[in-house]
Amino acid sequence: MGGLKRKSSSSAKSVAKSKKKKKGPHLPNSILKVIADQKRPLNSDEEEEEDEIDSDDEHGGDLYEYEEGVPEEESRKNNRYDRHDNYDYELPDDFEDENVESEDDDFDGGNSENDDDDDDDRHTRMLQSLTGMPSAAFQGESKSKPVLFTEAYPEGEFNPTRDVLEGKNVLTEEDFLAPLEGKPGYHKTSKQIARMRKDTKHVVHAPLPKPQRERLERKAVIGLVDGEFSKWVHLVKKNREAPTVYFNQEVDLGYSTVGAIASEFQPRTEFEKKMASLLNDSEVSEAHRDDGARLLELNEVSMEDHIKKRDHIAKIRNLLFRHEAKSKRIKKIKSKTYHRLKNKDLKKSSLGALMDPEMAKEEAMRQEAKRVEERLTLKHRNTGKWAKRMVRLGLNAKYDATRAAIAEQLQMNANLSRKMHSMGDGSSSDESDDEEGLNDGSDEDTPSRLIAKAKEKTLKTMEDDEVPNAGLMSLPFMARAMKKKNEEANEEAKRALEEYEEWENSGGENSKKPVSVSGRRVFGATAKVEAPKESKKDSDNFYDNSDSDNDMAGVEDNDMEDVRDNASPARNTGTITETEFDDAAGNQASKTTFDVAMFASGSWKKMTSCKNTESKKESKKTRAPISQSQDKKGSRDEESEDSESEAEEMVDGVLASASKETFEIPSQAELINRAFAGDDVLDEFEKDKEEVLNQEVPKPEKPVLLPGWGDWSNVQRKRGISKRMVMEHEAEEKERKQKLKTRKDARLKHVIISEKVDKRAEKLHTTTLPFPHTSKEAFEHSMRMPIGPEFNPSTVVSELNRPEVVKKTGVIIKPVKFEEVNPNDEVDDEHPRNHQKQRSKKKTGKRQGKVKSK
Amino acid sequence: MEVALEDNNLMENILPPDEQEIDVELEAKEKKYLRGEGANLESLKDKKLKTQLASREKLYGKSAKAAAKIEKWLLPASAGYLETDGLEKTWRIKQTDIAKEVDILSSRNQYDIVLPDFGPYKLDFTASGRHMLAGGRKGHLALVDMMNMNLIREIHVRETVRDVAFLHNDQFFAAAQKKYAYIYGRDGTELHCLKERGPVARLRFLKNHFLLASVNKIGQLHYQDVTYGDMVASIRTGKGRTDVMEVNPYNGVVALGHSGGTVTMWKPTSQAPLVQMQCHPGPVSSVAFHPNGHLMATSGKERKVKIWDLRKFEEVQTIHGFHAKTLSFSQKGLLAAGTGSFVQVLGDGSGNYSRYMSHSMVKGYQVEKVMFRPYEDVLGIGHSMGWSSVLIPGSGEPNFDSWVANPFETSKQRREKEVHLLLDKLPPETIMLDPSKIGAMRPSRRKDKPTRGEIEAEKEVAVEAAKGVEMKKKTKGRNKPSKRTKKKKEMVENAKKTFPGEEQGNVAGKKRRIGEVDAAELPASLKRFARKN
């Protein structure tokens, strides 16, 4: 199979056969380049190899050995074949093919050469004669050999040979250059190529795969961004940790005085420049400085100006005269029809509208309606049938009239849909208005300024009401109408001025308020002033009523009568206590009350002897604990003191009860009862506790069966209640015990603490932890301190209650500025010194040094 | 008065101010103003919250420090005290001895007013201590300005007066009289007759809540809001008649002492007592609360005075050997007890109350009521022959806070104060044992499902309601009795259906609970084997 010569089927313009490269197929340059680029940087060794090979080739190996690649099925190029493993014997790589003489080869080769030679010659000759180029140029082409196609499809730019695909035997520059050798410009290109090869600097490596490339990019970017951002970390951290962020830095509001503004004035427009040149004229200023004399000289009017003025006056007079003459003539016309028509015309015209305000209004309405209609329908925008047709047919270009009509329509549309401008026309005034608006916006006391401006404008309009002495307006009837209108306008202006003044006054009072002052507001303020008065009056009345005896007199009288009834003389003898205690005894027949009664009535004083002994016993008993705390002397003292006091009491008792004479000595049983009164009290308390516990933690019900159920037989009866029920009951009992154990009063025998939930008090607790908190304990501890002014020194109250963000109104919050921060610095709390001072000034003296004493 | 008492030669050995001592003092005060410790921030995971809380804590510390310094340096007066040397005992010092040593102004506070006719007198002071109200049992009411010893008003109601109490200021006072309680104005005009309460035995006014609490002869406790006159609560104590009643100034809880030796504590929003304590085996004769609300003193007829810690409800101290008819704590924590014609004042030296001073009156005077005058070192004693006033050095708070109580209040200030008080009035539900818990998390509450009995009852009610529904009279064909009964049955069934499946749910709950309990009850070593649900 080896040793087959092979020619490319591509129609590359080739040169002499001997110089032709016999390696691989000819591929389009673009593909070659790509392949080369891919291969070269990866394995430069291969390149060298290739070079060697190339040189070998150049040495004269003009034979090209066809290398059989992997079979189509194995290469799996297009997956056209099913996959299978190749079990054939494969030759080792270094295996050298022996050039075995084959008969086929010779046979074929000789045959074809002989056959084609004549044809080729003829063909080249023909070409030579046609093109006039040397025959050498065509010889290569003409040498067409029989071609062996080993590929399943013809080689082309989209179907490269296998070895190219495998990365072997790639075309190099030399391959392309070889055929050019000897041609003019060859050396130049070869040199260039050599140079290119030499300088490794400019070798453009193949780009990495996209994901890899992007990863690298991202890495680099991350590095950069991190570096950039880490600068800000401290700043951000500082801001984040600061309990309060301040945006109250001082803002430069600009000029405060007219003088300051004026000093900065720069003439810009033509007129201003002219004025400035005049004002700053050194001559004039000098004249001012010296004395007024030279001013007069400067004030001289030139002859030209004088003549111009005179001419102007003459012209105006002439016009006036003509107009008068004309009107006289018209006046003389007696035709009523003429006058009627004329009046009608006048009325219709805008002039008439000007004259008559009602007409003007109507006219304006009509105009407005038209405009609205236009804006709604867009009738005149050449959207009509006719216009469209005209445009389509190109008639508008053909006929001037059509074009004019269309233009007119457009114009009309423009006129009607244009935004109506206000009275202030002219761009310069608009501009100034805008500027003023801006200034106003930035200014603080906008309302007062607005008022001032309005006032100024009205004054100006009042002054400006001069009759123009030229043109149509100078005509007498026009003048009269104008005058009338002016008067009205003046009156209105005066009214407006008054209003402005009023506002200004009120505005001065509440100039602090940033909101514009409206009439209603003023009214509200007055109402406010009055309201407290009323309330005061009310309250006064109330107190008066309550104080006055008018209403109360009757009631009091009644009550007094009652009192008198109650306080009958029989009762008034000091037996109140007795009766009261009788009541008590009636209510409650317990021993204890009896005791109380006895104590109170002083009957116990009679049994001094027994009591004395008792008390002595007691004191003896109790001395031990006391002596622990006090020294012996003290205890003795105490004893004596006790006895002393006792004695005193006794005497007191005797003295006090001197008035009462009858009482009995209580019986022994009673005395014993009294002595042991406490015992059953304790029992009772225990019972009480039990009861309360049962109520709050109810006892589980005992498991019982319905009567008759499970009672049928002995067996059932023996079995008793089911195990499940018993278990449940036990569990409940356990639970109850657990609950009782966890109660607050579980260990306090003498105390019952109710654990009932007070539903009304539940609203005083939070059900959930407020947002940033996660632990109950931390939250409750943080809530323990009150932060109001009643509980804290005034120096700290403002700090305790400062909001998270302190911002002055109107301050523009700028983005964070980078500044070097020492990360170890504490958060600066003292920042807003000036701000705080202002605040504290208002409060000074009110609660200075005030602390709640609890 | 404390300032005057300082140049008393009984007190000597005043230590020169030492820097260290000042520091210690300041620290103690700071601690007081910190109102407890800050949270343990170490356990917090949220860094932001941690920094926030830390900065907050810092501010609190700053505030406390400033407050302590203000108290230390700016509060002018210091408390009075009584010091003895050698063998002298403070309780041996008589009023006559003190009178010699104190300034004239203070010595004017020692007096006896003898009013033998309308005997035993009850006393009450306003919060500022400026005014005193005396109510004689036999109907004598007197309003006295204590500053200049001026009798402002004196009226005679001609019936038994059992108790008197000032309302929020000296403008109004209430008196518990024979049949009803009455409210009078400062000038003695009767403003209201409180008939709803019945014959009132004791009256107390809760300043912060504007509630007039009273207990009547049949043991009913009433709370009436004096701002709008509504009866906030009327509670039947069920413990019988009592005339021992005191208000805990710290939390507004009312304590009643009963004949069975129990002290019960109440709030207006619950019908059951908050706390019941078995304090004495015999009847309780009086109760008093320390101004800080943590201590309670009770005295029983068995001649014992007990002091209780209300945070633990445990007895702190028992003072044997004397019976106190009336008890009173001073602002500085001295405890006065009166019996017969003898008054004893106990002071707490090193946590234990021991004798500090004593005063015995003329024989035959029966002490009815002792009460310390606020912001003064004065003890007022109401007795059967009028009232007396004695000096007890160190009893009163030396510095008044004009925002709390101002003895030198002008009428304008008083009016202002009244408005402030009304605005700061607390609703009755804020009365609880630990008011510092207000605003905290709601205490975890056990799920209280309706019991089976309750459900049954509800069901019954619903069924009854369904049965009682009047049927419409319908047209001829539809109005048959059979149809009507059918319809009615349906309705009843529907009513029953609204209480379905509770048994099933209960069983499931029980099962789960059983498992939990098992796990909880196992010893620690075996817990790992417990069934996990």
Side-chain angles (χ1 to χ4, degrees), chain A residues 241 243 556 563 566-567 576 584 587-588 592-593 596 619 622 629 642 645 648-649 651-652 655-656 677-678 681 684-685 728 731 734-735 748 750-754 756-758 760-762 764-767 772 774 776-778 780-785 792-793 795-796 799-800 849 851-853, chain B residues 35-36 38-39 44 46 49 51 53 55-56 59-60 62-63 66-67 70-71 74 158-160 178 190 240-241 259-262 269-270 272-278 281-283 313 320-321 340-342 352 360 363-364 366 399 401 403-404 429-430 432 438-442 445 510 514 517:
Chain A
E241 283 178 354
E556 212 171 64
V563 169
N566 285 335
I576 294 163
N587 283 338
Q588 239 181 335
T592 47
T593 33
V596 177
S619 67
T622 56
S629 58
D642 266 355
S645 67
E648 274 175 11
E649 273 178 22
V651 181
D652 288 351
L655 275 175
V681 165
E684 250 173 54
F685 186 79
E728 267 178 24
K734 268 183 193 171
E735 197 191 350
L748 301 166
H750 61 280
V751 181
I752 309 168
I753 301 170
S754 162
K756 271 187 184 167
V757 182
D758 188 359
R760 281 173 74 189
E762 267 189 346
L764 302 171
H765 302 286
T766 58
T767 46
T774 44
K776 186 185 164 195
E777 191 243 343
E780 277 170 12
H781 273 281
S782 71
M783 290 295 289
R784 75 183 194 283
M785 278 284 277
N792 288 294
T795 48
V796 203
E799 270 181 72
L800 279 169
V851 192
K852 187 131 182 167
S853 60
Chain B
R35 296 173 172 88
L44 288 177
D46 189 351
L49 179 66
T51 49
L53 288 184
S55 68
R56 207 85 207 139
L59 277 181
Y60 291 158
K62 211 171 159 188
S63 166
I70 286 167
E71 196 194 325
L74 295 184
R158 298 221 215 151
E159 59 178 3
T160 313
K178 185 175 177 353
E190 181 191 313
R241 177 202 165 102
S259 57
T262 53
T269 49
S270 97
L274 283 173
V275 179
Q276 298 182 54
M277 294 170 76
Q278 184 69 40
F313 298 102
H320 296 270
S341 61
F342 186 71
N352 258 353
S360 53
K363 312 246 153 112
Q366 290 284 316
N399 299 294
D401 182 349
W403 293 91
V404 175
E429 53 264 27
T430 54
M432 52 178 77
I438 290 175
M441 278 283 284
R442 180 181 293 175
R445 180 182 161 195
K510 266 175 200 164
I514 289 163
V517 166

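Chain letters run A, B, ... following the sequence lines, proteins first and then strands; every chain starts at 1.
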Check: Ser63(B)/Asn792(A) side-chain N/O donor and acceptor closer than 3.5 Å: yes
From CD (Glu777(A)) to CG (Leu44(B)), nearest 0.5 Å: 8.5 Å
Rounded distance [0.5 Å steps], CE in Met441(B) versus OG1 in Thr767(A): 7.5 Å
Closest non-hydrogen atom pair, Val681(A) against Pro281(B): CG2-O, 3.6 Å
Considering all heavy atoms, the nearest Ser754(A)-Pro273(B) contact: CB-O, 3.3 Å
Side-chain donor or acceptor of His781(A) paired with backbone N/O of Gly36(B) under 3.5 Å: no
For Pro793(A) against Ile70(B), the heavy-atom pair lying closest together: CB-CD1, 3.8 Å
Which atoms of Ala272(B) approach chain A - backbone, side chain, both or neither, heavy atom under 4.5 Å: side chain
Between NZ on residue Lys62(B) and OG1 on residue Thr795(A), distance to nearest 0.5 Å: 7.5 Å
Chain A contact via Thr262(B) - side chain, backbone, both or neither, heavy atoms under 4.5 Å: side chain
Contact leader toward chain B among Glu780(A), Met785(A), Arg760(A), Met783(A), where contacts are heavy-atom pairs under 4.5 Å: Met785(A)
Option in Leu800(A), Thr766(A), Thr774(A), Leu748(A) with maximal non-hydrogen atom pairs under 4.5 Å from chain B: Thr766(A)
Heavy-atom contact with chain B under 4.5 Å, split by part of Ile753(A): both
Interface moiety of Met432(B) toward chain A, non-hydrogen atoms closer than 4.5 Å: side chain
Which atom of Asp46(B) lies closest to which atom of Pro772(A), heavy atoms considered: OD2-O, 4.0 Å
Which atoms of Leu274(B) approach chain A - backbone, side chain, both or neither, heavy atom under 4.5 Å: backbone
Heavy-atom proximity to chain B below 4.5 Å, by part of Val796(A): side chain
Rounded distance [0.5 Å steps], CD in Glu684(A) versus CD in Gln278(B): 9.0 Å
Main-chain N/O of Arg784(A) paired with Arg35(B) side-chain donor or acceptor, under 3.5 Å: no
